[in-house]
Amino acid sequence: MISTTMLDGGIAKVELDVPGPVNILSKQVNEAFAAEVDVLLGNDDVTGILITSAKQDFALGGDVEELTAAVTPQAVAEIVDPFAAALRRLETGGKPVAAALNGSTLGGGYEIALACHRRFAADVATSRIGLPESGIGLMPGAGGTQRLPRMIGIAKAAELMLQGKTLGVADALEAGLIDEVTSPDSLIDTAADWLRSAPEPVQPWDQRGFVAPGFGPNDKKGRAWFAGAWAQSRARFGATDAHGIAILFSLHHGLQRRFDPALAVERRKFLELASSASAKNTTRVRFFGPKALKPQPIDESEVASLGVVGGGVMGCGIAFAAARAGLDVTLVDRDADQAAASVERVAEIGARQVERNRMSEDQVATLLEKVSGTADYSDLASADFVIEAVFEQVDLKADVLSRIESSTSAGVPIASNTSTMPIAGLAQSLSDPSRLVGMHFFSPVETMKLLEIVHSPHTGAEVQRLAEGLGALLRKSVITVNDGLGFFTSRIVSSLTGETVALLSEGVAPQLVDNMMRIHGFALGPASLVDLTTLPLLRDIMTSMCGEGRQQSLTGIDVLETLETLIAAGRTGKAGGGGIYDYSDAGPLPWPGLVDHFGQNDDIAPNDVADRLLMTQSLEAHRALDAGVVSNPVAADAAASMGWGYPAPLGGPFAYVDAMGVDSFVARCDELAERYGSRFSVPDSLRNVVTL
Amino acid sequence: MTAAFIYDAVRTPRGKGSPNGALHPLSPVELSAHVLRALDDRTAFSSAEVDDVIFGVGDGVNDQGANMARSAVLLAGMPDTIPGVTISRFCASGLDAVNTAAARVMSGQDDLIVAGGVELMSLIPIAGTGGPNGSDAEFNDATFHVPLGIAADLLGTLSGHTRSDVDSFAVESQARAAQAWEQGRFERSVVAVEDNLGDVVLSHDEHMRPGTTMADMAKLPAAFEGMGTAGGFDSVVKQRYPLVANVEHIHTAGNSSGIVDAAAAMLIGSAEAGAKLGLTPRAKIHSFSTTAMDPCLMLASPADATERALERSGMTAADVDLIEVNEAFASVVLHFMERTGFEHSRVNVNGGAIALGHPIGATGPILVNTVLDELERSDATIGLTALCAGLGHGVATIIERVAS
């Protein structure tokens, strides 16, 4: 796990070598590391310590599963305290210590490097260096929030830590995260030579008169910076940015103290945070969720050419994403002119990627060569897989699907890109319904990570396998669900949208609806989202969702009637000059006509507004679970985050119930059902686990 | 209960709170000693057994830090036996000094106290002493911290004030202040400031802009829009007040209180203590109150404090002849009048901090002094002073003129 060899001149080379493919710092590793530190510091023959790794990486951070299981501050302390204390002994033990970073150095791995007196890194293109803990709702907990700002200043350290941003080797050198870059071959020698030069083994922050670079926490500039950084966090994340607040707190209070009490500030915030529901939820969504959504890959030769029918926003996005992944794409549209226009739209997507520095012009040009437009279905004959992405009209889709079937070889999978329509119904237009699978892409396809794959009862096993494999080729996170109106994602989103429209129809102010959800961390309030979706499109979606098989969360409320009323009054949404809101330079203001049509309701408490919007999603998610639409709540919650921006600290529609406690959730739903209708009645599957 | 009387009061003119302000080259302790000497010239308080000197200081740090009251006594060359204490509650510091002095006399524990305050805002900026508000993310989260100007715009938004409403109020404040100076209404209280050479460095309030018009006001940019939008504080406000769709940024440098330098002092004592000095009481301190409210909105507090002071004294709004409400921002006073029903004809009749400036720690005694002068000039009886202060505080004081 930890092996030490002696180099010339009394230099002890410590190699991290944790069983498994990479170095992960579990409690057991931490304890072994701490023991080794003590042995070396106590050995008079050792004049310097060099820490490196026997793996390709240096160390990739703590053991997330182990930390996730620690649900009390004490349990977290048992994991981190021995490690943090060992790092402090290492840097104050009187022997010079060098970090020789042979590969990626993240989280706890980088905290080891920070506790060394000098950091050497091998020039390896794939290396990432930094403190990414924020990404999973955590913060550095072994001195990282205190050592890094003392090296590079509060503002720079905060930017990296708050965003969980990691850097390549060159950028890390530039930013001051490391001190020296060498070739991989000379890494150990360079670090050992430095140790042999008998450098003073004292950290800057342990020297008298030390002042950290940049502003101080109580300088005029520093105080203004902290106020501003907090406001930015609060504005974006509402009350859900526990890790951001903890990092800012640790920086402000730690940086005005000496180093040991500063570590104590970090420790108490870390233990509180790491054991919190917010961190557990974020880790679940951002760490375990993506694993649960990882599709089973296929060989790229199995789907080398893709047919896409329909050159609208979705079709073009799919074509672009496929060509980017190296597939040959045949884009079919109504006529030759439309086909050419569609290919042009794909090129426009490429131009946007270049504008945003996501791709080079050369990459886009190569990609575009792979896309050909046609109006001739027979050009699909050589396709390994065909996706239709025409408008969401049953008759149109049925016609297109049957034309695709007759233009392709038997067995070639056909996918329908639809957000709501049951696949079994669409499959009726095929002579072989086993060929049809649902592939619900999210817009913009070229950037959205999520793909919802829908199996009808007829979908063949090979078609299922290839659809998932295609998702892997497109580098999507895939949630695989069973058929049903709205599948999973649209089902839950429409419960949210339906409840939003219901609140508006009851005379609740739209800004109250939006602001309450922003408090809970949604980037965009659901009433504003209605305006962005556009009301006519939303009416079409909700018409479909309110058809046969209408879900319980859409019963007893006047969603369609309300949307019709608004559309009849000329309200179509933001793009059409105004919808729920009027838009001007001064910002959005509620359309005064809302009060004329629906009255003004001041009787519904803001907490009821928030709970209705959040709990309807959780209820519908559980109903979908009961119906077998989804089977893995971790995957479903991660899909909620990727699909419609469900805030990770809340966990997702399923984890929300767990974080609140099933008993409390059921009791609250019973209140809402009593007050607002039976759509809030709790499914037996949940009620049966209530303990009281 | 012993009655507490105001025997006399003085203030410096208010200098511009910037490096080119006339008082900026002086120090806070010099300015404080100056008003103590001026009050002593009129009352000879230092010859009596003064129980304490209580000074309000908003931001007590550096040369305005530690104990300005005791420091000023010593610099003024007054007897070593006169103690001093500084108290602080942001903008209410000086009014708290007045109320605390009155309370100690009323309780019978003390007989004669100087209450005052100082703020050299040109030297120590507002919030210059820090505090958890602003810099401490966890505290901010718990309190929905916003800068004062955002709170003012929020109050204006919730009250439905328009830019024109607040600008009109500011124009009127300027006109009233100009008229007050023209008619010599501040003469009894304002003492010119001389420096160590004996040169008069300031004899008039320096921040005023007589003749300000609506057109002048309209040219000024919204002062707090940037911190509201790009800075994120509008979103903070909307999370605390989710019925707010859009924060209207109506406050500007012209309809907010002026940043100024000043000091003030007031002699408060029992009837016996005044008689020993041969002084005639000018007013009795009738009642006072302290309140607190949501620190995010914070500026609606003068109405709360006024209602409580009235209730405590058994009076109604109709009993009050004149009111001084600190013009922290125009919306503060507009909201105050809307809430309490006081007509503008009774409120800030000689202008206020928008025209004259708001020297944080000194403002309380200045306002009590101003309402007292005006009670005497207009032969009225009951005067009320109220102001808002940071973190949601409201403080009010009711005085009753003693007819001579």
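No hydrogens, no waters, no symmetry mates; every other heavy atom, side chains included, goes into these values. A, B, ... follow the sequence lines: proteins, then strands. Residue 1 opens every chain.
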Please indicate whether [X] has more than 12 foreign heavy atoms, meaning atoms of other residues, nucleotides or ligands, lying under 6.0 Å from its [atom1].
X      : atom1 : value
A/R258 : CZ    : no
B/I259 : CD1   : no
B/N67  : CG    : yes

- Message: Using heavy-atom distances under 4.5 Å, tell me whether B/V244 contacts chain A through its side chain, its backbone, both, or neither.
- Response: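 Just its backbone gets close to chain A.
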- B/N133 portion near chain A, given a 4.5 angstrom heavy-atom threshold: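 Backbone of B/N133 only, per the 4.5 Å heavy-atom cut-off to chain A.
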- Query: If contact means a heavy atom pair closer than 4.5 Å, which residues of residues 141-154 of chain B contact chain A?
  - Reply: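 B/D141, B/F144, B/H145 fall under the 4.5 Å cut-off.
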- Residues from residues 15-24 of chain B approaching chain A under 4.5 Å (heavy atoms):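 No residue falls under the 4.5 Å cut-off.
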- After noting the C-alpha distance and the side-chain angles of A/W230 and B/V236, does the key distance pass the side chain to side chain contact (heavy atoms under 4.5 Å, CB included) rule? CA-CA 10 Å; A/W230 169 77; B/V236 173; 3.8 Å; yes
- Item | Test item: B/D136 and A/H253 side chains (from C-beta on) under 4.5 Å apart, heavy atoms |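 Yes, close enough: below the 4.5 Å cut-off.
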- Message: Contact between B/Q239 and A/R234 at the side-chain level, heavy atoms closer than 4.5 Å - yes or no?
- Response: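 A side-chain contact under 4.5 Å exists here.
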- Message: Under the criterion side chain to side chain contact (heavy atoms under 4.5 Å, CB included), I'd like the reasoning laid out for B/S235 against A/R518: C-alpha separation, chi angles, the key distance, then a yes or no.
- Response: CA-CA 9 Å; B/S235 288; A/R518 296 201 52 171; 4.0 Å; yes
- Message: At under 4.5 Å between heavy atoms, what parts of residues 242-249 of chain A are in contact with chain B? List them by residue number.
- Response: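 Residues in range: A/I245, A/L248, A/F249.
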- If you look only at pairs with a residue in residues 582-598 of chain A, which of them pass as a salt bridge (Lys or Arg N to Asp or Glu O under 4.0 Å), with sequence neighbours excluded?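 Only A/R571-A/D582 qualify under salt bridge (Lys or Arg N to Asp or Glu O under 4.0 Å).
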- Task: Find the one option among A/A239, A/G238, A/A509, A/P510 whose heavy-atom pairs under 4.5 Å with chain B are most numerous.
- Result: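 Max contact count across the listed options: A/G238.
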- Message: Using a 4.5 angstrom heavy-atom cutoff, name the option from A/R223, A/H252, A/K269, A/Q232 with the most pairs to chain B.
- Response: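 The answer is A/R223.
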- Message: When you measure from the side chain of B/N246 to the backbone of A/A586, do you find a donor-acceptor pair of N or O atoms at a distance under 3.5 Å?
- Response: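 Between the backbone of A/A586 and the side chain of B/N246 there is a qualifying donor-acceptor contact (under 3.5 Å).
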- Message: Can you tell me which portion of A/A224 sits under 4.5 Å from chain B's heavy atoms? Options are side chain, backbone, both or neither.
- Response: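 When you check distances to chain B, no heavy atom of A/A224 falls under 4.5 Å.
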- Where do A/L589 and B/A245 come nearest, in terms of heavy atoms and distance?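 Heavy atoms only, the tightest pair is CD2-CB, 4.1 Å.
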- Item | chain A interface, residue from B/S135, B/A137, B/G232 that has the most non-hydrogen pairs under 4.5 Å |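 Ranked by heavy-atom pairs under 4.5 Å with chain A, first place is B/S135.
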